[in-house]
Every structure is written in structure tokens, then in C-alpha cells.
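First comes the structure, then the notes that go with it.
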Amino acid sequence: MTTPHIRILATGGTIAGSAGSAITRGYRAGQVAIADMLAGAKTLGIAARLDGVDIAQIGSQDIGWAEWDILHSHIAEACADPDVDGVIVTHGTDTAEETAFLLDLTLAAGKPVVLVGAMRPADAVGSDGLRNFANAVRVASDPGAHGRGVMLVMGDSILAASDARKWATANVDAFKGYPRGPLGLVTPTTLDWFAPPARIRSPARFAWPECLPRVEIVYAAADVESDIVDALISLGAKGLVLAGMGQGNAPKPLLSALSRVVQAGVPVVRASRVDEGSVDRNVEVDDDSVGFVASRSYNPQKSRILLQLMLASGITDPARMQSEFDRR
Ligand code: SIN
């Protein structure tokens, strides 16, 4: 077997973070260049040929269209290169689920594309970065990783981009899968897939857009004001996502404001501010008569990405939008 060649695209995050001390709590994300991270990885004896490109050195709270556009073209180029077997994106954990989902929706499910992050900076005692990285290399090198879409490796879990959710602010075990658990379990030298790949040769669901239209998230809370909705529309929002209570609900004035927006032709997706569970149609809110879209298993931040891609692709019909949210 030839040594796998993995392209590493670095964006920053805690995996490239530095505290300047092994025990200091405070740190800065995105300090370590990919060449230095790869020098550290070399000492692990990983059986893969790794080459790295610094796309950005930022905390992932600052990632956006400029970085995504560059990242997407580097991934497309690596996937088209017969000499490259897989791609790893090092990324901050705060928005890893959004970047992973955006890439998953816009790339064909061919060669493995694996996001990886860490919860402790590179120089912290008990740092999880190199371990997670070695796990990601194991996944990206595996022929059985083809046709699974974009994945996120954190700890020893492999999560599908569509399922991955960050659920803890500081625990090393910060991610879980919803509605599906992990696709498999990995260590630097072992890999167990729980099912065969489901998306072999599937084309990209959406073309890479020229830009992403403005979509805002409206957060529901008890006694919240509803005039924020009109303010967002007048600021140029082309779609709204409700981070609603429970099953995507909101106080009556807020629901009324959102339904007026739908009547004016701006799509509204009802998601939930609750960490887990599905938002289904017509449970407490009459979606059929108002024209809302239910987010199903997608949280507000992932719903926003999907809505942006649909709008960028010219999809505005609520029934068509609902079918995209229903899809797994
Ligand atoms: C970030 O998302 O860049 C900071 C937090 C992290 O990577 O865990």
C-alpha cells in the first residue's frame, strides 16, 4: 500500500492556539502556523505524507465568506488532484459545525474531507490537538471514508457534518451528533465505521455561490419585542431563522411579525433555541397557513447556512425549501 497523501488546510482555532504557558486558562486562537503544527505531528510517526497550506490564522468566530471562498476552492483543487487522497481542515470549534455543513452541502461526496479542532490550545497540559489531528489523518487516509460527505473529528468520534453540534463551552468532549450519533470511532491506529458510506458518488447538493445572501437569526425569549423583525428586513435581510422556544415557537406578536414577513415574500425558517430535538411542521404553529418552513433536525446556525444556500440558488418556494430541510 502506498503512503496516503493528505492536504492540510489550516484556518486557526484552538488547535492552533497558544497560551504561552501549559497551565494558563486564557489563550489566543490561531497562533501556530501549519508548518509548526506539522513539525509536531511528525514526531508522532504518522504513516501519511502531509502537506499544509495556511488559509487563515484566526479564531473561528471571525470566519466568513472570504475564508470560506478560499477554503472551498482549495478543497476542490485538492479533490481534483489524483496525487491527493484526502483533505483535513484545521478549524476552531466555535463555528466548525457551520463551515462543515456549508462544505458538505457544496461538495460532491468523493474523497474524504475532514474538519478537526481542539478544545485546549497547543501548549496546554493535556492538549487534545495533536491527538485529534492524528485521528483526523487516520480518517482522511482511509479508503472507507470515501462517499461519506464532510466529517468532523473531535476526540475519538467521527461525526457527519450535518449531525455535528457543539454542546459544551469548555469540555474536551464538546461535540455530539444529532439526530445521528457518530459515524464511527477512531484512534491514531484504529478505525471502526458503524455503517457503509451512504453517499458514494453523490454530487454536490448546491453549486458554490457567488456570495451568500444576508440571513439573520431572531432569538425568541419571554416577553421579547417583535419590532426587531421589521428592523432586520429594512437592514436588508433576505431571509430569517427563528431560534424559537421549544418546538420553534415564539410569543404571538413575534409570530405575527414573522408571518407578515413571509407574506411579503421573505422566507422564515422556524428552528429551536433548545439544544436537541426536531422542529416539525404544524405542531404548535400552523405552518401550512402561514408559510413557515420547519427546520426539522437543524439548529438555527445550520438552518441559516441552508437557507442562505437556497436563496443563493434561487430557491424560494416554501414547499421546496421544506423538502431540503426534510432531507438527511
Ligand atoms: C475558535 O473557535 O476559534 C476558538 C474556540 C476553539 O477552537 O475551540
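One-based numbering, in listed order, for ligands and for the atoms of each.
In the vicinity of Gly59, heavy-atom distances shorter than 4.0 Å reach the ligand 1 atoms 3 (O).
A search for side-chain hydrogen bond (donor to acceptor under 3.5 Å, both in side chains) contacts involving Thr187 returns Thr190, not counting sequence neighbours.
Residue contacts with ligand 1: Ser60 is placed with a nitrogen or oxygen under 3.5 Å of a nitrogen or oxygen of the ligand (distance criterion only). Remark: ligand 1 and Tyr27 share no N or O pair separated by less than 3.5 Å (distance only, no angle test).
A salt bridge does not link Asp163 to Lys302: none of the charged side-chain nitrogens sits closer than 4.0 Å to a carboxylate oxygen.
The shortest side-chain heavy-atom distance between Phe206 and Met310 falls under the 4.5 Å cut-off.
Residue pairs meeting the salt bridge (Lys or Arg N to Asp or Glu O under 4.0 Å) criterion with at least one member in residues 47-67, sequence neighbours excluded: Arg7-Asp51, Arg49-Asp83.
Protein heavy atom nearest atom 6 (C) of ligand 1, with residue, atom name and distance: Thr14 OG1, 2.7 Å. Among protein heavy atoms, the minimum distance from atom 8 (O) of ligand 1 is reached at Thr93 OG1, 2.5 Å.
Ligand 1 has at least one atom lying under 4.0 Å from a heavy atom of Ala118.
Between Phe325 and Tyr298, the ring planes are perpendicular. Angles over 60° get that label, and only those under 30° would be called parallel.
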